[in-house]
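Here's the structure, in structure tokens; my notes come after.
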Amino acid sequence: MAQRLKRAWYTRNTLTIGKGLLGKKLVSVVDGVRRVGTIIETECYIGPKDRASHAYNGKRTKRNGVEFLIGGHVYIYLVYGMYWQFNITTAKEDMPECVLIRALYPLEGYFPIMNKKEIEKLANGPGKMCRWMGFDKKLYGEDLIKSRHVWIEKGMPISEEDICETPRINIEYAGTLWAGKPWRFFLRQYNYLLAKETYARAIQHKNTTKRRI
DNA sequence: GTACAGATTGAG
DNA sequence: TCAATCTGTACT
């Protein structure tokens, strides 16, 4: 608890936070079960200018409203009708910027008869991560500074050489300029367990999605 | 009221 | 390669 990150940490530049979250510990206590994982992959969304952001052009709805809160709050939403996406707000109030947590390396939790390989795959994607941690709409707008259910603690030291950056995943709809921004970050040493084919899937998804003529 | 498409995943 | 699944949002 003493290690919990404070407000000032979350009110800085979003890209700095996106990288800074790598190696930190994400802690969840849901239904009395405590789970902890090291954050190993993130993505930044920087509205209103970012076409891939839900707050693009200042759009503010019931769904994305908490994006406008000061840094350190939880913005969680359902995608594809099935999977929760866990984001952390950043920057000052009324600046709709956030960081999507895409993958964790499980450290603590209940692992029923699982080998190392299986445990590593429990949270190696944004939807899987939420499923394992027990995250859903209950956490919408939660404050990481004082929540009893979710917060972030200091983790292992990370050096700049450990951080890889690539374009974000599955946002081709935002156009090449924004889809091309290198705002996805991950730790080099965990690359082996991240879904490598995700980017190819993004293109396939675009091709199979129904669109208006 | 109705249609549409998505910050994914896992099975075939 | 592709279906599942459902809600916010836009438009009639």
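Below, chains carry the letters A, B, ... as their sequence lines are ordered, and counting in each starts from 1.
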- Using a cut-off of less than 4.0 Å, is there contact between a side-chain N or O of Lys62(A) and OP1 or OP2 of dT9(C)? no
Taking dT9(C), dA7(B), dG10(B) as options, the one with an atom nearest any side-chain atom of Thr61(A) is dT9(C)
Test: Arg7(A) and Asp143(A) ion pair at under 4.0 Å
yes
Report task. Measure from NZ or CZ of Arg168(A) to the centre of the six-membered ring of Tyr45(A) and say whether it is under 6.0 Å with the direction within 45° of the ring axis. Result -> yes
Point to revise | Electrostatic pair Arg188(A):Glu161(A) at N-O distance under 4.0 angstrom | key: no
Is it the case that the base of dA7(B) and the side chain of Tyr77(A) share a donor-acceptor contact (distance under 3.5 Å, atom types as modelled)? yes
- prompt: Is the phosphate of dT8(B), meaning OP1 or OP2, less than 4.0 Å from a side-chain N or O of Arg102(A)?
  reply: yes
Are any of Arg168(A)'s side-chain N or O atoms less than 4.0 Å away from OP1 or OP2 of dT8(B)?
no
ask   = Using a cut-off of less than 4.0 Å, is there contact between a side-chain N or O of Tyr80(A) and OP1 or OP2 of dT8(B)?
value = yes
Per atom distances to the His54(A) side chain, the nearest of dT5(C), dG10(B), dA7(B) is dA7(B)
Phosphate OP1/OP2 of dA7(B): any Tyr173(A) side-chain N/O under 4.0 Å: yes
Each base of DNA chain B marked ( ) or [ ] if paired in-strand (Watson-Crick or G-U under 3.5 Å), | if paired to another strand and . if unpaired gives ||||||.||||.
Testing dT9(C), dT9(B), dA7(B) for proximity to the side chain of Gln85(A), the answer is dA7(B)
Output yes when at least one side-chain N/O atom of Lys121(A) is less than 4.0 Å from OP1 or OP2 of dT9(B), else no. no
* To do: Anything under 30° is parallel, anything over 60° is perpendicular, the rest tilted; go ahead and classify Tyr77(A) against His54(A).
  => perpendicular
